Amino acid sequence: MPSVSASFFWIALCAVIAPLVAGLVPRKLVPEVVLLLIAGVIVGPHVLDLAVMGSEIDLLRELGLGMLFLLAGYEINTSELTGRGGRRALITWLSCLVLAFVVVGLLGLTGAINAEIAVAIALTSTALGTLLPILKDSGMLGTRLGRTVLNHGAFGELGPVIAMAILLSSRSAGASLVVLAAFAAAAVGVAFIPAGLRREGSKLASIIRLGSETTAQTTVRLTILLLVTLIAVATIFDLDIILGAFAAGFILRRAMPSGDEKLEAKLDGLAFGLLIPIFFVTSGMAIDVKAVAAAPGVLLAFLVLILLVRGLPVFFAERFDRGPELKDPQPTVRERGQVALYAATGLPLIVAVTEVAVNAGQMTESNASILVAAGAITVLVLPLSASLLAPKAPKKVPAPTAR
């Protein structure tokens, strides 16, 4: 069995090779995330067995997942969520959840699917954290399409996490709601701390500002403390760490409504330079290739269900998008297709849901591997398909030279 140090070497090598290969692909059609997943499958225990999971690597993986969702929560504009686009995204997700329960429930009656609740929740997820680097690299974050994807992604992440806490918990539904309310209260309490630290005229605020540009790196350390604190609070309440990380991102944005370019650059370096690649590579390592290859029909069925349950409702909902002031032109079929494909992209939450179901004895590890593989394929295929739907930029005609 490979040692932890040897495993970390191969994971680090995959993290370096992936962006280099992505840069060689014309038009950057293959996102780096895709190559990280593929590399993880190759070096993982189910193929070459060059790298295995261990407690040390698992800790870095959890931090990578946390940073992924912190940055995703930080990018969310709360005014967008409470506006027309956000309300439409919420209604769409709720419709997806109802559709998922109906479809999966009918399949469960035939015996084709077990752990119906877990599968239904997994089908409604959107991997906003996974999409974030793709949207950043393509320059779409500030566009209308990017904002729409962020809205659907926000509810496609928060909704399944809350559904997991209520429907997959060993507690009763009422007790789960009480726990969620207690976590929300604790998060609100924590939210006042960063805002207080930035109060103008405060001696402590002055020290933090001065230390942010020295080896103290106070703002980065405070951000990590915020993340770890909310993850610890979520763990205490027996909730998924994704909820704590997402809440940390919201709180960080509340503390800096107009943003902080220097801090954002430092967090991007830490997250995308080290922790997030580890999460994606290890996610690929967890896929049991033999189990997936033994049931290609089940894999295809899961992919179809994801597109049907999550992608199709989003496609139809975007028909009514006319912008916050109802003055924008109706999205084209291509644009609606892009949003639907991005919204149907899921992986981290599928991993989280299947882990909970396996630990509870509701789902077998082989079925969990197939569902995770389906989520990985959505990351491999759907963002690429969405980019192919984007209209080509018009070719620049060279200006005539004077004679």
Side-chain angles (χ1 to χ4, degrees), residues 62 65-76 78 80-82 86-87 89-98 100-101 115-129 150-195 225-255 310 346 348-360 362-363:
E62 294 292 313
L65 178 63
M67 286 299 295
L68 193 65
F69 281 86
L70 178 142
L71 293 176
Y74 180 75
E75 292 292 345
I76 298 298
T78 53
E80 283 278 345
L81 291 184
T82 56
R87 292 196 297 270
L90 173 58
I91 294 170
T92 303
W93 182 81
L94 291 172
S95 302
C96 292
L97 186 64
V98 172
F101 279 126
E116 291 92 337
I117 294 177
V119 173
I121 294 173
L123 294 178
T124 65
S125 66
T126 297
L128 178 58
L150 287 178
N151 286 337
H152 285 290
F155 289 107
E157 286 189 335
L158 278 176
V161 170
I162 294 173
M164 283 171 58
I166 297 174
L167 301 176
L168 295 182
S169 172
S170 57
R171 298 180 292 260
S172 65
S176 297
L177 288 173
V178 171
V179 168
L180 280 171
F183 171 80
V188 169
V190 172
F192 286 103
I193 298 174
L225 177 61
L226 173 66
L227 172 63
V228 174
T229 300
L230 268 295
I231 287 177
V233 172
T235 303
I236 290 170
F237 286 107
D238 196 23
L239 299 171
D240 197 279
I241 68 167
I242 290 174
L243 187 59
F246 212 61
F250 274 113
I251 292 171
L252 187 62
R253 173 58 74 181
R254 180 184 179 277
R310 184 61 176 149
L349 282 170
I350 294 178
V351 173
V353 171
T354 53
E355 284 181 356
V356 171
V358 169
N359 292 336
Q362 300 173 359
M363 182 182 292

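Everything quoted here is computed from the prediction, not taken from an experiment. When a residue number appears, it is its place in the shown sequence, counting from 1.
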Worked verdict on Phe101 versus Glu116 for side-chain contact (heavy atoms from CB on, under 4.5 Å): CA-CA 8 Å; Phe101 279 126; Glu116 291 92 337; over 6 Å; no
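Across all their heavy atoms, Ile242 and Leu349 have their closest contact at CD1-CD2, 3.5 Å. Listed here is the closest heavy atom pair of Asn151 and Gly86: ND2-N, 3.9 Å. Considering all non-hydrogen atoms of both residues, Met164 and Val353 come closest at SD-CG2, 3.3 Å. A pairwise comparison of heavy atoms in Ile350 and Ala122 identifies CG1-O, 3.8 Å as the closest pair. In plain terms, the two heavy atoms of Ala89 and Phe155 that are nearest each other are CB-CD1, 3.7 Å. A pairwise comparison of heavy atoms in Leu123 and Arg310 identifies O-CB, 3.4 Å as the closest pair.
For Ser125, the side chain to side chain donor-acceptor pair (under 3.5 Å) criterion is met by no residue, not counting sequence neighbours. Take Leu180 and apply the side-chain contact (heavy atoms from CB on, under 4.5 Å) test, not counting sequence neighbours, and it matches Ile162, Ala165, Ile166, Leu239, Leu243. Residues satisfying the side-chain contact (heavy atoms from CB on, under 4.5 Å) criterion with Ala115, sequence neighbours excluded, are Ala118, Gln362, Met363. Phe246 is linked by a ring pair (Phe, Tyr, Trp, His ring centres under 6.0 Å) to Phe250, counting only residues two or more places apart in sequence or in another chain.
The structure places CG of Leu90 at 11.0 Å from NE2 of His152, a figure rounded to the nearest 0.5 Å. One finds the CG atom of Leu150 at 4.5 Å from the CD1 atom of Ile76 (value rounded to the nearest 0.5 Å). The CG atom of Leu252 sits 6.0 Å away from atom CG of Leu70, with the distance rounded to the nearest 0.5 Å.
Proximity of Leu65 to Phe69: side-chain heavy atoms (C-beta onward) are separated by under 4.5 Å at one or more points.
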Considering only distance and modelled atom types, tabulate donor-acceptor pairs under 3.5 Å from the side chains of residues 226-238, sequence neighbours left out.
| unit_1 | atom_1 | unit_2 | atom_2 | d |
| --- | --- | --- | --- | --- |
| Thr229 | OG1 | Leu225 | O | 2.6 |
| Thr235 | OG1 | Ile231 | O | 2.9 |

